[in-house]
Protein chains: 2
Amino acid sequence: MPTMRDIARAASVSIGTVSNYFNNPDLVAEDTRQAIRQAIQQVGYHPNAAARSLKTNQTLRLGLVPLISLEDNYSLDPGDYAFLEFLSGINTAAAEAGYDVLLSAATSAAQEVPIYERLVGEHQVDGLILMGMRAADERLRLLQESHFPFICYGRGLQEPSYAYIDVDGAAGIEAAVDYLVAQGHTRMAFITPPPGLACTVQRRQGFERGLQEHGLTLVPEYLEPGGFTERDGQAAMHLLLDLPQPPTAVLTANDVCAFGAMQAVQSSGLQVGKDVSVIGFDDIRLASHWQPPLTTIAQPFRRIGALCAENLIQCITHKDCLPQVLLEPNLVERQSVARLS
Amino acid sequence: MPTMRDIARAASVSIGTVSNYFNNPDLVAEDTRQAIRQAIQQVGYHPNAAARSLKTNQTLRLGLVPLISLEDNYSLDPGDYAFLEFLSGINTAAAEAGYDVLLSAATSAAQEVPIYERLVGEHQVDGLILMGMRAADERLRLLQESHFPFICYGRGLQEPSYAYIDVDGAAGIEAAVDYLVAQGHTRMAFITPPPGLACTVQRRQGFERGLQEHGLTLVPEYLEPGGFTERDGQAAMHLLLDLPQPPTAVLTANDVCAFGAMQAVQSSGLQVGKDVSVIGFDDIRLASHWQPPLTTIAQPFRRIGALCAENLIQCITHKDCLPQVLLEPNLVERQSVARLS
DNA sequence: TTGAAAGCGCTAACAG
DNA sequence: CTGTTAGCGCTTTCAA
């Protein structure tokens, strides 16, 4: 690989001028630029990233640490199909701003914090994107203490002092409850996201608020702890259907969970969208292709990912800015909800 | 952030000794090690990655360039849910060997090669993982010319001279044809992956071979160009059903495509697994939860990803080794195929 | 077993 | 406008 020295020699200029060519082109005379450009073209030169980083203290990389755990699906975001869209959004927006994305897997929750420490300590990235926020999240402390730029997809439970992009899950669930009530339902259950996640608490509050507003009381058995997988949905729905008085409508943790729940309904000889209504969360692509098409609370993952990347980069370059974006989710009506007379 | 100099000072040793502590611990006396360990603990020191890379010429990073294109879903691997599993495998295996993964999105096919050039030129990564291999793939030339370590998930059409991990798609399709014949089918169609991909050609050959072996002739109308999305499957299946004499069984590009195809069958008032049989490819998690559960040709994506990472790292560290792994796919029988009398 | 010193490829003063 | 030069933080001889 050629170095800047080689380019300088080939263009018969000094190494400093080549540096200027890259970082302050207007300081360089047009003919000199021409010569340098040619030399670069000829050997296919690219500046060495490590050398540049060492000097400038910036990597042009954004970090993301997915928790890929087979045992505990505690915060299995990456197992969630939505993660893909999220990642695409990050990646696309990052690329547009000249950043790459560094992925560093944690294969258990215990590994997680050390990985963040290493990424920060080694200067591997200029900023970090967090996701799958927990009700009590160690990562926040670490990053805030070290004054390292970061942004979260999701918020913790108290009013956050950090940058985040989030979808108002409570409002989404509340809107879904409104909708169900409008369709004549009164017995509504909620298969929640995994316990421990911040969004689980938030959405549960939305659920309670929704019921309350319509003078409905929360049946404790209708609050079923669930998760993001089909298995979770399937198991929880069976539990719900086994109740002496099963709910007529069920909200779920996400679309995949809803798919599992629908599967349980069908294998119990009941019909989704008729005997039992199901509402998903996320609106992944398959939701509209499911049978019956799934009514769900849409989150714009790609956009969220892009917002995370853009705003994080903003934080990195402009320091002391604190983007806090709360998006409104959007109920997409399809055919998995029955209208009761 | 503390530097090695700080550690050296704190431990009252020279900077070279601290370096030895990390890279040649046995050269350092136990008490000295103790002192250094303590100093490191105290300030939370991590070696600066850029400085280290600059000197050692290795980054401990593996590169992956997903093609995230909204217009042309030419090689929309990342849009495929299987990508997630693949990525998890890579990420996990990489992490185990001390590597991180660098993602650099290409948002159009035109951007792709320049991104590879940049990654190589900037020394951003120690090796690259390619996927979505095309019938004629520019990336191969580039990487082979520059003698940069890389490995492919998938093979080009001629016998490859490069490292790869692949699943024998032709054999998979052939086995599926065998299976369909055993179930009494003779009119079989194939909704192919996107044109241009190497696997499309390979699988088509498997399809033809399969038919041939059973003395069946290929009906040109039964070879329907498709893709990896539900839309692709849906559209192609409708075309197939509109034929004067529709097929009784349909192979598809992947499970998601199969889902779309099944949707088309149902909306035509026919029943999957009875009037029309459908076979997927990949065996993503949802396949078994679909209604009816999808018979499909399984690819172990997580394992493939892990193999890619492990073998690439092998290539990086041991040079001149040429892993070429061909995995046999596996037909998973479920309920989307009818037995004809 | 430890220390001193050169240099990886680049940037950013600064001098000319 | 261009050249010279001193590091960025680390590894790696080589001497002591």
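Chain A is the first sequence line, chain B the second, and so forth, proteins listed ahead of strands; every chain is numbered from 1.
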Donor-acceptor contact present, side-chain A:Asp137 to main-chain A:Met133, <3.5 Å: no
Spacing between A:His123 atom NE2 and D:dG9 atom P, to the nearest angstrom: 8 Å
Side chain to side chain donor-acceptor pair (under 3.5 Å) involving B:Arg118 - partner list, sequence neighbours excluded: A:Asp100, B:Ser104, B:Glu122
B:Tyr45 and B:Phe22 aromatic centres sub-6.0 Å: yes
Nucleotide N/O of nucleotides 4-7 of chain D paired with protein N/O under 3.5 Å:
residue, atom, partner, partner atom, Å
D:dG7, N2, A:Lys55, NZ, 3.2
D:dG7, N3, A:Lys55, NZ, 3.4

Touch class at under 4.0 angstrom, heavy-atom based, for B:Val13 against every strand present: sugar-phosphate
Sugar-phosphate, base or nothing in reach of B:Ser19, heavy atoms under 4.0 Å: base
Heavy atoms from other residues, nucleotides or ligands near CD of A:Gln158 exceed 12 (cutoff 6.0 Å): no
Outermost nucleotides of DNA chain C that come under 4.0 Å of a non-hydrogen atom of chain B: C:dT1 to C:dG9
Any side-chain heavy-atom pair of B:Ile129 and B:Val101 under 4.5 Å: no
From A:Asp126, A:Leu119, A:Leu62, residue fulfilling side-chain contact (heavy atoms from CB on, under 4.5 Å) relative to A:Leu102: A:Leu119
Side-chain donor/acceptor of A:Ser53 to backbone N/O of B:Ala50, under 3.5 Å: no
B:Phe86: partners by ring-ring contact (aromatic ring centres under 6.0 Å, His included), with sequence neighbours left out: B:Tyr153
Touch class at under 4.0 angstrom, heavy-atom based, for B:Ser53 against every strand present: nothing
Spacing between B:Arg5 atom CZ and D:dC8 atom P, to the nearest angstrom: 7 Å
Inter- and intrachain pairs under salt bridge (charged side-chain N to carboxylate O under 4.0 Å, His left out), touching residues 49-64 of chain A, at least two apart: none
Sub-4.0 Å heavy-atom contacts from residues 36-52 of chain B onto DNA chain C, ordered by number: none
Sugar-phosphate, base or nothing in reach of B:Asn23, heavy atoms under 4.0 Å: sugar-phosphate
Ion pair check, B:Glu85 and B:Arg303, cut-off under 4.0 Å: no
Nearest-Å distance for atom pair CG/P, residues B:Asn20 and D:dT13: 11 Å
Residue B:Thr3, side-chain heavy atoms: nucleotide from D:dT11, D:dT2, D:dG9 that is nearest: D:dG9
Rounded distance in Å - CG (B:Leu27) to C1' (D:dA15): 15 Å
